[in-house]
Amino acid sequence: MEHVSPLIIRLNTLHQELAAELQAIKTIAEFEAIRNKFIGKQGSITIESKNIKDLSLEEKRTTGSIVQDIRKKVEELIEHTQQQLITRLQQEVELQKQFFDVTAYTTNALESSVHPYTRVIQDLEDITMNMGFEIIYGMELETEFANFEALNIPVDHPARESHDTFWLTLPGKLLRTHTSNVQSHMLQERKPPFAITTMGRTYRNEATDATHDYMFMQFEIMIIDTKQSLSNLIAIAQEIFRCFFKNNELKSRIRPGFFPFVEPGIEVDIQCPFCQNGCSICKRTTWIEAGGAGLVHPNVLELCGVDSTKYTACAFGFGLTRLVMLKYGINDVRLLHGCSLDFLKQF
Ligand code: DAH
């Protein structure tokens with residue numbers, strides 16, 4: 001009987017093992033692992049084939065071509081299996097497409113919710129409308145005159161520095177830096193008396209962090225009549241905050257403040273709605289800064305064509321973004337106009 005080299009026997013056994021293992025594969029990853037196990041650099045067939053170098057010259061001559069044959073068959077088997085696997089996987093994908101169930105996705109899978117900004121704006125609109133204010137939707141793209149000059153902030157006024165402005169390439173045009181711009185339009189367009197409120201976006205060219213943003217919202221009211229007083233304004237502001245925070249005992253306090261478009265000017269603080277003795281939100285002071293207010297400066301009335309000897313006006317401008325953050329305990333302003341669904345779904 002013809003002598004069969006042990007090397008060939010071992011290689012044939014490995015070939016059979018390989019064929020058996022390839023039968024069971026289901027994924028490309030499994031296929032790669034088996035290929036590596038047998039014919040990778042450290043694969044069993046690769047290593048076994050190298051043992052040919054230890055045979056005598058005579059044996060090499062007879063065994064060499066058989067080893068070659070076995071290796072060729074191994075390669076073909078691997079190639080063939082790979083092709084089969086790819087075809088099968090492609091067919092599976094096609095099949096899945098054919099049986100794609102359009103009814104599996106229900107319309108309520110993605111529920112919508114109201115943005116915290118919208119909620120607060122709706123609350124404030126309800127409160128101020130009930131008090132008799134008319135709601136005005138002002139302009140964000142504004143003229144230098146309405147945003148600054150008409151409000152007693154001429155070109156070289158230092159107050160312009162605190163309003164780091166986004167100027168447009170159009171001459172004299174800018175993104176409004178505060179909602180007080182609406183005051184100058186209303187004073188020019190309407191005949192007093194009237195009481196208006198406005199809410200919306202304002203822009204300042206500021207570096208962004210958790211408490212600052214280049215875009216934030218403000219909330220403004222103005223009342224003009226023959227007789228207006230600071231005490232009336234303070235009472236209105238206090239009432240608005242009491243309704244907003246649903247707390248009838250909420251106190252407010254005033255401090256002197258300077259704004260070129262009011263005289264006298266005040267800053268209004270509200271009692272922290274979240275604590276009695278100081279907390280992290282009010283920085284342990286029990287008070288929260290709400291914004292600025294005052295009696296509209298006679299220069300503003302005159303610049304807008306209103307007789308300042310006949311009429312007095314009072315106004316305030318408060319941080320709406322701040323109110324939203326306070327009301328919902330949001331500690332990073334950037335979340336408010338980011339598009340994180342995880343954040344938005346909470347409301
Ligand atoms: N516009 C001011 C600002 O953005 C806030 C302000 C202060 C508005 C006093 C007013 C006011 O109406 O009377 O800082």
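Ligands are counted one by one from 1 in listed order, and the atoms in each one are counted from 1 as well. In this chain, numbering begins with 1 at the start of the sequence shown.
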Q: Heavy-atom cut-off of under 4.0 Å around ligand 1: list whichever protein residues fall inside it, by chain and number.
A: His178, Ser180, Gln183, Arg204, Gln218, Glu220, Phe259, Phe261, Val262, Gly292, Ala293, Gly294, Ala315, Phe316, Gly317
Q: What orientation do Tyr214 and His337 show, parallel under 30°, tilted 30 to 60°, or perpendicular over 60°?
A: perpendicular
Q: Without hydrogens or angle criteria, can the side chains of Asn147 and Asn181 be said to hold a donor-acceptor pair below 3.5 Å?
A: no
Q: Would you say that more than 12 heavy atoms from the other residues, nucleotides or ligands in this model lie under 6.0 Å from the CZ of Arg204, or not?
A: yes
Q: Once the angle between the rings of Phe219 and Phe316 is folded into 0 to 90°, is it parallel (under 30°), tilted (30 to 60°) or perpendicular (over 60°)?
A: perpendicular
Q: Would you call Arg160 and Glu149 a salt bridge, using N to O less than 4.0 angstrom?
A: yes
Q: Donor-acceptor pairs under 3.5 angstrom involving side-chain atoms of residues 95-102: please list them, not counting sequence neighbours.
A:
| residue | atom | partner | partner atom | Å |
| --- | --- | --- | --- | --- |
| Asp101 | OD1 | Thr103 | N | 2.9 |
| Asp101 | OD1 | Thr103 | OG1 | 2.5 |
| Asp101 | OD2 | Thr103 | OG1 | 3.4 |

